[in-house]
Amino acid sequence: VMTKTQLFRYALLIVNLFSGGVMASENLEVFRNDLINQSSIDKNAIMLGIESSNYVTYSKDANFDQNPYGLSLIYDKVSVGQAITFSMSAKSYWTPEQSLLSYTRVDELKVSNSQRILGGTYFFGRKKYIWSVVDEDWNLGAWQPLYMGNYIRPESQGLTGLISEFQMSGARATFYISPIFIPNIGPSFSVRDGQFETASPWFSTPPQQIMLGGNAVAIDYQIEKPATRDIIFNAGAGGQVFFGNSMSGGWLMASYAYKPVNQLGLAIASNFDLSTSNPNPEDYGVKILPYVQHHQLVTIESGYRRKAAHFHVGFMVDAPMKSEIPVGSSAYVMNDNYIFSPSVSYLATPSSRIRLSVLKRWEGRDEIVGDEATARIARSIDRYFFTNAIKAEYIGKWTDLLRISLSGAYDAYWGGALINSEISYRPQKDFEIVMGIEALGDAGTPHSQDPSLFSAYKGNDRVYGGVHYVF
């Protein structure tokens with residue numbers, strides 16, 4: 001058995017091996033170059049665009065919009081002063097025919113000191129950060145919340161609070177603390193006369209009826225909105241240590257946080273009487289109660305970069321705390337998740353990169369609070385879309401005018417696959433034409449009876465296009 005002293009010496013040996021006395025790079029943004037999910041438009045710009053989509057295999061409710069189109073405005077600017085740096089990244093989308101598809105989101109909004117103070121850089125506001133390469137690679141949304149208007153293309157949004165970063169010889173330490181919580185943003189919907197309405201194909205409508213005594217009885221839904229303060233004012237804190245050089249050689253990174261789960265939990269309270277043969281429709285109301293669940297996150301990752309290749313391996317533990325499900329309601333309990341993911345990226349040419357990633361996820365057994373039949377009404381797909389998956393990606397700039405990105409993933413557990421491709425053509429520096437295809441497939445496995453990204457949204461194959469102008 002290893003003693004505490006031996007464990008400490010072993011930890012120091014690992015640190016020395018990976019740090020080697022080399023100065024750490026100025027930031028972790030170098031990892032973003034390995035992750036093939038970046039916009040083709042340069043940063044620090046204001047962009048106006050026209051976008052349109054067509055869901056070619058769409059087969060859901062006629063109330064959904066199969067051909068949405070609209071105007072987009074992206075603001076992504078950084079202003080550096082002698083003392084203060086201000087940056088903001090936001091997007092607005094407006095569609096004239098479907099108000100539920102319009103949105104405005106702010107992914108980053110922060111101020112920081114331009115010069116180090118007491119050896120540190122302090123970011124106040126909402127900031128995106130590489131807390132975990134695995135999390136960003138697979139868009140898991142464990143560390144940072146996601147904008148999920150499209151489940152094939154979830155987009156990271158920053159944590160909100162104070163982030164402090166301190167550079168040392170061969171190492172970096174980062175700390176995060178916040179009394180404020182902003183959860184994931186999903187597809188928009190409304191509830192009218194007890195029924196759900198939406199224009200998004202990415203919103204899964206819960207059952208509208210229940211069979212009782214041979215009769216179909218409509219379910220009357222109500223969302224019991226918690227007070228804003230009960231959602232927003234949930235504190236979180238965490239930190240990260242990094243040893244080595246992310247530009248070349250080996251590196252080691254460890255992160256920990258205690259914070260709210262970015263996805264809100266949903267509990268159900270109902271007054272169903274399953275014993276009667278003559279149901280009264282007024283007796284079958286369902287209250288949906290959103291709630292905040294806290295969890296602990298631990299990530300340990302390491303990598304080695306040599307010339308054009310970068311090898312990486314990471315392990316993440318997501319452990320929700322004791323259930324915070326509202327009293328008197330029913331729900332599935334958020335369970336523990338353990339995620340292991342190795343990857344390799346290779347710079348094939350100065351302007352093209354390929355990446356191969358594998359993910360394996362283990363989770364705890366399902367636990368239910370309250371009545372199982374009632375809890376199933378609010379059950380949705382897993383918080384993490386992938387279970388036993390492999391992903392291959394390519395991004396390349398073939399000429400100064402043409403950029404191509406391709407991505408494909410297959411999950412053996414769910415028997416599902418997705419393809420994501422995009423071509424952007426820039427005849428002028430400030431002008432871009434974008435075209436892309438997204439497709440989901442579901443071959444079916446014994447696990448397909450449970451809801452998953454592939455089984456629930458396999459009809460959401462999409463062709464899209466847009467024209468963007470940069471100011």
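All heavy atoms count here, side chains included; hydrogens, waters and symmetry mates do not.
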Trainee: Measure from the ring center of His294 to the ring center of Tyr258 and say whether it is less than 6.0 Å.
Mentor: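 Close enough - the centres of the two rings lie under 6.0 Å apart.
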
Trainee: Does the ring centre of Phe340 sit less than 6.0 Å away from the ring centre of Tyr338?
Mentor: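 No, they do not, as the ring centres are separated by 6.0 Å or more.
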
Trainee: Between Arg306 and Ser248, do the side chains contain an N or O donor and an N or O acceptor separated by less than 3.5 Å?
Mentor: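 Checked: Arg306/Ser248 side chains show no N/O donor-acceptor pair below 3.5 Å.
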
Trainee: Report, as yes or no, whether the 6.0 Å neighbourhood of atom CD1 on Ile419 holds more than 12 heavy atoms from other residues, nucleotides or ligands.
Mentor: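 It does not: Ile419 CD1 has 12 such atoms or fewer within range.
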
Trainee: Could you tell me whether Lys127 sits above the aromatic face of Tyr129, with NZ or CZ closer than 6.0 angstrom to the six-membered ring centre and within 45 degrees of the axis?
Mentor: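 Ring-cation test returns no.
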
Trainee: In Å and rounded to the nearest 0.5 Å, what is the CH2 to OG distance from Trp94 to Ser99?
Mentor: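 Reported to 0.5 Å precision, the distance equals 11.0 Å.
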
Trainee: What about Phe386 and Trp138, are their ring centers closer than 6.0 Å?
Mentor: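 Here the rings of Trp138 and Phe386 have centres that are less than 6.0 Å from each other.
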
Trainee: Between Tyr384 and Glu363, is the side-chain hydrogen bond (donor to acceptor under 3.5 Å, both in side chains) condition met? List the steps.
Mentor: CA-CA 10 Å; Tyr384 299 126; Glu363 62 178 334; over 6 Å; no

Trainee: Without placing hydrogens or testing angles, list every side-chain donor-acceptor pair under 3.5 Å for residues 77-84, not counting sequence neighbours.
Mentor:
none

Trainee: For the atom pair OH (Tyr55) and OG (Ser53), what is the distance rounded to the nearest 0.5 Å?
Mentor: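 Separation between the atoms: 5.5 Å.
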
Trainee: Would you call Lys128 and Glu136 a salt bridge, taking side-chain N to carboxylate O under 4.0 Å as the test?
Mentor: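 Looking at Lys128 and Glu136, the cut-off is not met.
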
Trainee: For the OG1 atom of Thr299 and the CZ atom of Phe315, what is their distance to the nearest 0.5 Å?
Mentor: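 Between Thr299 OG1 and Phe315 CZ, I get 9.5 Å after rounding to 0.5 Å.
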
Trainee: Are Glu422 and Tyr464 close enough, and set up right, to give a side-chain hydrogen bond (donor to acceptor under 3.5 Å, both in side chains), and what steps lead you there?
Mentor: CA-CA 9 Å; Glu422 183 175 284; Tyr464 65 92; 2.7 Å; yes

Trainee: Among Val261, Asn262, Ile185, Thr160, which residue satisfies the side-chain contact (heavy atoms from CB on, under 4.5 Å) criterion with Pro145?
Mentor: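 Single side-chain contact (heavy atoms from CB on, under 4.5 Å) partner of Pro145 among Val261, Asn262, Ile185, Thr160: Asn262.
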
Trainee: Give a yes-or-no answer on whether the side chains of Asn420 and Glu393 include a donor-acceptor pair shorter than 3.5 Å.
Mentor: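 On atom types as modelled, these side chains do not qualify, holding no pair under 3.5 Å.
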
Trainee: Is there a donor in the side chain of Thr121 and an acceptor in the side chain of Glu165, or the other way round, less than 3.5 Å apart?
Mentor: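 On atom types as modelled, these side chains do not qualify, holding no pair under 3.5 Å.
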
Trainee: Could you tell me whether Glu108 and Arg126 make a salt bridge, using a distance below 4.0 angstrom between a side-chain N and a carboxylate O?
Mentor: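 Salt bridge between Glu108 and Arg126, a charged N being under 4.0 Å from a carboxylate O: no.
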
Trainee: Is it the case that more than 12 heavy atoms not belonging to Tyr103 sit under 6.0 Å from its OH atom?
Mentor: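 Atom OH in Tyr103 is crowded, with more than 12 foreign heavy atoms closer than 6.0 Å.
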
Trainee: Are Asn184 and Gln263 linked by a side-chain donor-acceptor pair shorter than 3.5 Å?
Mentor: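 Judged by distance alone, the side chains do not pair up.
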
Trainee: Could you check if a side-chain atom of Leu297 sits within less than 4.5 angstrom of a side-chain atom of Trp143, using non-hydrogen atoms only?
Mentor: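 Of all side-chain heavy-atom pairs linking Trp143 with Leu297, at least one is under 4.5 Å.
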
Trainee: Before you tell me yes or no, could you show the steps for Asn150 and Glu438 under side-chain hydrogen bond (donor to acceptor under 3.5 Å, both in side chains), namely the whole-Å CA-CA distance, both residues' side-chain angles and the distance that decides it to 0.1 Å?
Mentor: CA-CA 10 Å; Asn150 179 343; Glu438 300 169 351; 3.1 Å; yes

Trainee: Is it the case that Trp414 and Thr387 place a side-chain donor and acceptor less than 3.5 Å from each other?
Mentor: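 A donor-acceptor contact under 3.5 Å links the two side chains.
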
Trainee: Would you call the rings of Phe203 and Phe189 parallel, tilted or perpendicular, taking 30° and 60° as the class edges?
Mentor: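 Taking Phe189 first and then Phe203, their aromatic rings lie parallel (interplane angle under 30°).
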
Trainee: Does a side-chain heavy-atom distance below 4.5 Å link Gln240 with Tyr176?
Mentor: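 Gln240 vs Tyr176: side chains apart.
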
Trainee: Taking 4.0 angstrom as the limit, do Glu155 and Lys91 come out as a salt bridge?
Mentor: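 Not counted as a salt bridge, because no side-chain N and carboxylate O are separated by less than 4.0 Å.
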
Trainee: Under the side-chain hydrogen bond (donor to acceptor under 3.5 Å, both in side chains) rule, what do Ser357 and Lys391 come out as? Steps first, then yes or no, please.
Mentor: CA-CA 5 Å; Ser357 305; Lys391 178 175 65 171; 5.0 Å; no

Trainee: Return yes if a side-chain donor-acceptor contact under 3.5 Å exists between Trp251 and His312, otherwise no.
Mentor: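 Not at all, the side chains of Trp251 and His312 share no donor-acceptor pair under 3.5 Å.
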
Trainee: Can you check whether Tyr457 and Tyr151 have ring centres sitting under 6.0 Å from each other?
Mentor: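 That pair passes the under 6.0 Å test.
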
Trainee: For a quick check under 3.5 Å, do Arg361 and Asn388 share a side-chain donor-acceptor pair by atom type?
Mentor: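 No, no side-chain donor-acceptor pair sits under 3.5 Å.
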
